S.K.: 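Take this structure, written in structure tokens, and hold onto it; I'll ask about it next.
A, B, ... follow the sequence lines: proteins, then strands. Residue 1 opens every chain. Values in this document were obtained by computation on a predicted structure and should not be read as measured data.
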2 protein chains.
Amino acid sequence: MAGRDVRFHLQGGAEAAMTWAPDHPLDMLIRKLESIAHLSAEERRAIAGLPTLVRLLKAGQDIVRDDDRPSQCCLVLEGWACRYKLISQGKRQIFSFHVPGDIPDLQSLNLKAMDHSLCALTSTKVAFIPHHSVLALTARHPRIAAIFWRDTLVEAAIFREWMVGMGRRTASQAIAHQICELYLKLKAVGLAENHLYRLPVTQSDIADALGLTNVHVNRVLRELRTKGLVTIVGGTLRIHDWRELTGFCEFDPTYLHLERQAA
Amino acid sequence: MAGRDVRFHLQGGAEAAMTWAPDHPLDMLIRKLESIAHLSAEERRAIAGLPTLVRLLKAGQDIVRDDDRPSQCCLVLEGWACRYKLISQGKRQIFSFHVPGDIPDLQSLNLKAMDHSLCALTSTKVAFIPHHSVLALTARHPRIAAIFWRDTLVEAAIFREWMVGMGRRTASQAIAHQICELYLKLKAVGLAENHLYRLPVTQSDIADALGLTNVHVNRVLRELRTKGLVTIVGGTLRIHDWRELTGFCEFDPTYLHLERQAA
DNA sequence: CGCATTATTGATGTCAATCAAGCGCAGTGG
DNA sequence: CCACTGCGCTTGATTGACATCAATAATGCG
């Protein structure tokens with residue numbers, strides 16, 4: 001299998017320079033799935049057997065667009081991506097941030113047309129997996145199908161939590177909550193530790209995620225810094241006092257439905 | 001099967017007066033599922049064979065609570081329910097409104113612990129379906145499993161649209177959008193027509209759904225009335241100018257992923 | 001009929017948006 | 001090497017949308 005020269009159709013008809021990836025890309029997926037469910041050795045093998053097409057994207061580049069009908073899923077390997085929708089007057093709402101291990105458009109397996117877009121926030125490495133391969137996998141392994149379903153359910157739980165942030169939390173609490181959530185998500189796939197992680201997104205991105213302006217995000221971050229809770233230097237975020245921070249924004253990680261709990 | 005005396009455990013240990021429902025309750029579910037996917041005659045039969053336990057609830061009564069580990073799903077038959085979460089200082093965020101045909105806690109099949117609550121907004125008739133029955137059904141009918149998955153994906157799409165409302169739309173646009181969405185959802189199961197439907201929720205409920213105050217919802221509704229877009233009399237909502245209203249709030253029903261389109 | 005809930009309206013306050021400007025840094029090209 | 005440019009961050013001044021507080025009217029339910 002590995003090494004075979006395969007070409008998929010990419011979004012917008014762009015036929016990209018492509019490299020055939022060995023097992024490695026799927027290790028990231030397995031790590032992610034194991035953060036929300038247990039996998040048997042056989043299930044891991046089955047997942048590792050998925051064909052992938054690895055591709056590099058520049059920051060700002062769209063991966064899938066609103067109204068597209070993708071024939072493949074996209075697995076983030078490096079960098080950050082986000083789901084978003086544009087509305088009138090250049091306004092943008094970001095629905096989720098995606099980090100390595102995530103499959104942001106898993107839903108396209110069951111919902112033919114995209115109702116939002118997906119783009120790279122940083123330069124990003126992604127692996128494309130054809131729908132039919134995923135469907136073949138889930139047909140043979142109903143438990144894996146359930147885990148994929150579960151993943152989309154956890155995403156929905158995260159959407160709900162963001163709704164709480166936008167609807168019923170102050171801007172500072174919402175941002176603090178976001179910071180806690182990202183820490184646990186990254187930690188679950190081994191990309192954060194010691195209350196420290198790379199946060200390669202702009203303040204405008206955070207603003208569009210929480211329904212604020214970049215100006216206000218900036219002030220709130222200063223406030224969190226002044227309070228000694230969180231500092232960001234050179235794109236690296238440090239949480240100085242986890243207890244204090246989680247208390248401040250009433251962060252309860254239950255909604256992430258993680259298998260092994262972090263703290 | 002039908003007519004057998006069966007008793008399930010209900011939330012909070014309450015052992016309710018119960019009636020055994022015939023096929024009818026599931027007709028509502030079938031109608032709902034057919035609004036987002038096609039069902040074969042055999043699939044309809046299989047669904048109609050699910051055991052249900054019908055129960056009446058008073059307005060305000062919780063159906064499932066945060067942290068519960070339900071062993072059954074809840075199908076709304078009459079009345080309205082909502083998913084919500086309480087946070088500090090009595091603040092509440094409503095995540096979704098549920099009307100007949102909805103299974104609001106379908107996710108509990110795959111996510112053991114609830115991360116939010118579910119309650120009746122009006123006096124409500126619901127049918128409980130044991131998890132093991134649903135699992136047996138989906139094991140025998142993978143396509144039905146996919147449709148259930150699809151339903152939870154559509155719900156997630158609705159969450160995203162609400163996020164747009166809270167984050168990037170004005171209060172009037174958000175409420176107008178909500179009104180359009182509910183019309184299509186109700187129409188899809190035959191509970192609305194001619195731009196008219198029963199809206200049995202309070203202004204405070206709408207406020208908690210959109211992150212506003214009841215006072216402000218009241219003013220916005222007056223504004224919509226003044227503009228000749230929408231009136232509510234005696235709990236019945238009438239959309240006077242669908243084109244105008246959808247234009248005003250930039251409503252695009254794609255995200256509902258309805259099979260047969262309404263207008 | 002009486003009480004409780006819900007709707008409505010006004011006055012005032014606050015949080016975050018908007019507008020505007022300057023700064024720092026990385027990349028680019030002469 | 002340095003001007004130039006663009007982007008993101010930072011800060012101030014002002015405005016606006018919605019919250020809060022408060023009181024009264026209207027509904028609806030037991």
Side-chain angles (χ1 to χ4, degrees), chain A residues 58-61 80 82 87-94 120-123 165-176 178 198-226 230-237 249, chain B residues 56 58-61 79-80 87-94 119-123 165-176 178 198-226 230-237 249:
Chain A
K58 288 194 290 257
Q61 210 171 335
W80 284 41
C82 79
I87 59 172
S88 64
Q89 297 154 346
K91 288 200 287 268
R92 177 176 66 153
Q93 177 68 49
I94 289 181
L121 286 174
T122 68
S123 67
M166 292 194 280
R168 290 286 178 249
R169 279 196 256 263
T170 65
S172 346
Q173 287 177 312
I175 291 182
Q178 187 71 248
R198 295 259 331 144
L199 181 70
V201 302
T202 69
Q203 296 182 352
S204 291
D205 293 332
I206 298 173
D208 283 342
L210 298 175
L212 303 168
T213 58
N214 55 350
V215 175
H216 199 60
V217 168
N218 185 277
R219 293 191 224 275
V220 167
L221 288 177
R222 179 179 51 180
E223 177 199 332
L224 294 179
R225 189 183 334 124
T226 307
V230 171
T231 54
I232 305 179
V233 282
T236 295
L237 183 146
C249 62
Chain B
L56 294 171
K58 288 193 290 253
Q61 209 171 336
W80 285 41
I87 61 173
S88 64
Q89 297 153 346
K91 288 200 287 267
R92 176 176 68 152
Q93 176 68 49
I94 288 180
C119 86
L121 286 174
T122 67
S123 68
M166 292 193 280
R168 290 285 177 250
R169 278 196 256 264
T170 64
S172 344
Q173 288 177 311
I175 291 181
Q178 187 71 246
R198 293 262 330 146
L199 180 71
V201 303
T202 68
Q203 296 182 354
S204 291
D205 294 330
I206 298 172
D208 283 342
L210 298 174
L212 302 168
T213 57
N214 55 350
V215 175
H216 199 61
V217 168
N218 184 277
R219 292 193 224 273
V220 166
L221 288 177
R222 179 180 49 181
E223 178 200 332
L224 294 179
R225 190 185 331 126
T226 306
V230 171
T231 53
I232 305 179
V233 281
T236 295
L237 183 145
C249 62

S.K.: Name the closest nucleotide to the B:H216 side chain, picking from C:dC19, D:dA19, D:dA22.
M.R.: D:dA19
S.K.: Mind calculating the distance between CE (A:M166) and P (D:dA17) to the nearest angstrom?
M.R.: 20 Å
S.K.: Which of the following nucleotides, C:dT8, D:dG12, C:dG10, is nearest to the side chain of B:R219?
M.R.: C:dG10
S.K.: Checking side chain to side chain contact (heavy atoms under 4.5 Å, CB included) for the pair A:R219/A:T213: CA distance, chi angles, key distance, verdict?
M.R.: CA-CA 10 Å; A:R219 293 191 224 275; A:T213 58; over 6 Å; no
S.K.: Rounded to the nearest angstrom, tell me the gap between atom CZ in A:R168 and atom P in D:dC18.
M.R.: 13 Å
S.K.: Using the rule side chain to side chain contact (heavy atoms under 4.5 Å, CB included), only one of A:L212, A:V220, A:V217 pairs with A:Q203; which is it?
M.R.: A:V217
S.K.: Let me know the distance between CG of B:L210 and P of D:dA17, rounded to the nearest Å.
M.R.: 18 Å
S.K.: Out of D:dC9, C:dA7, C:dT8, which has the shortest distance to the side chain of B:T202?
M.R.: C:dA7
S.K.: Name the nucleic acid region contacted by A:G235, choosing base, sugar-phosphate or nothing; use a 4.0 angstrom heavy-atom cut-off, strictly under.
M.R.: nothing
S.K.: Would you say A:N218 reaches D:dC9's phosphate, i.e. side-chain N/O to OP1/OP2 under 4.0 Å?
M.R.: no
S.K.: For B:G60, report the nucleic acid contact type (base, sugar-phosphate, nothing); a contact means any heavy atom under 4.0 Å.
M.R.: nothing
S.K.: Which nucleotide in the set D:dC21, D:dC9, D:dT11 lies at the smallest distance from any side-chain heavy atom of A:R222?
M.R.: D:dT11
S.K.: Please pick, from D:dG12, D:dC9, C:dT6, the nucleotide with the shortest atom-to-atom distance to any side-chain atom of A:Q203.
M.R.: D:dC9
S.K.: Check every atom of C:dG10, C:dA16, D:dC9 against the side chain of A:T170 and return the nucleotide holding the closest atom.
M.R.: C:dA16
S.K.: Rounded to whole Å, please give me the gap between CG in B:L121 and P in C:dT6.
M.R.: 11 Å
S.K.: Are B:D208 and A:R168 side-chain neighbours, meaning at least one heavy-atom pair lies under 4.5 Å?
M.R.: yes
S.K.: What is the distance, to the nearest angstrom, from the CG atom on B:D208 to the P atom on D:dA19?
M.R.: 11 Å
S.K.: Remember a base hit wins even if backbone is also touched, and classify A:T213 as base, sugar-phosphate or nothing at under 4.0 Å, heavy atoms.
M.R.: base
S.K.: To the nearest Å, give me how far apart CZ (B:R169) and C1' (C:dA17) are.
M.R.: 18 Å
S.K.: Nearest to the side chain of B:V215, heavy atoms from C-beta on, is which of D:dG12, C:dG10, D:dC9?
M.R.: C:dG10
S.K.: A:K58 NZ to C:dG27 P: how many Å, rounded?
M.R.: 15 Å
S.K.: Once you round it to whole Å, what is the distance between P of D:dC7 and CG of A:N214?
M.R.: 14 Å
S.K.: Does a side-chain heavy-atom distance below 4.5 Å link B:V201 with B:I206?
M.R.: yes
S.K.: If you check the A:L212 side chain, which of D:dA19, C:dA17, C:dT18 turns out closest?
M.R.: C:dA17
S.K.: I want to check something: taking the side chain as every heavy atom from C-beta on, are B:L221 and B:I175 in contact at a cut-off of under 4.5 Å?
M.R.: yes
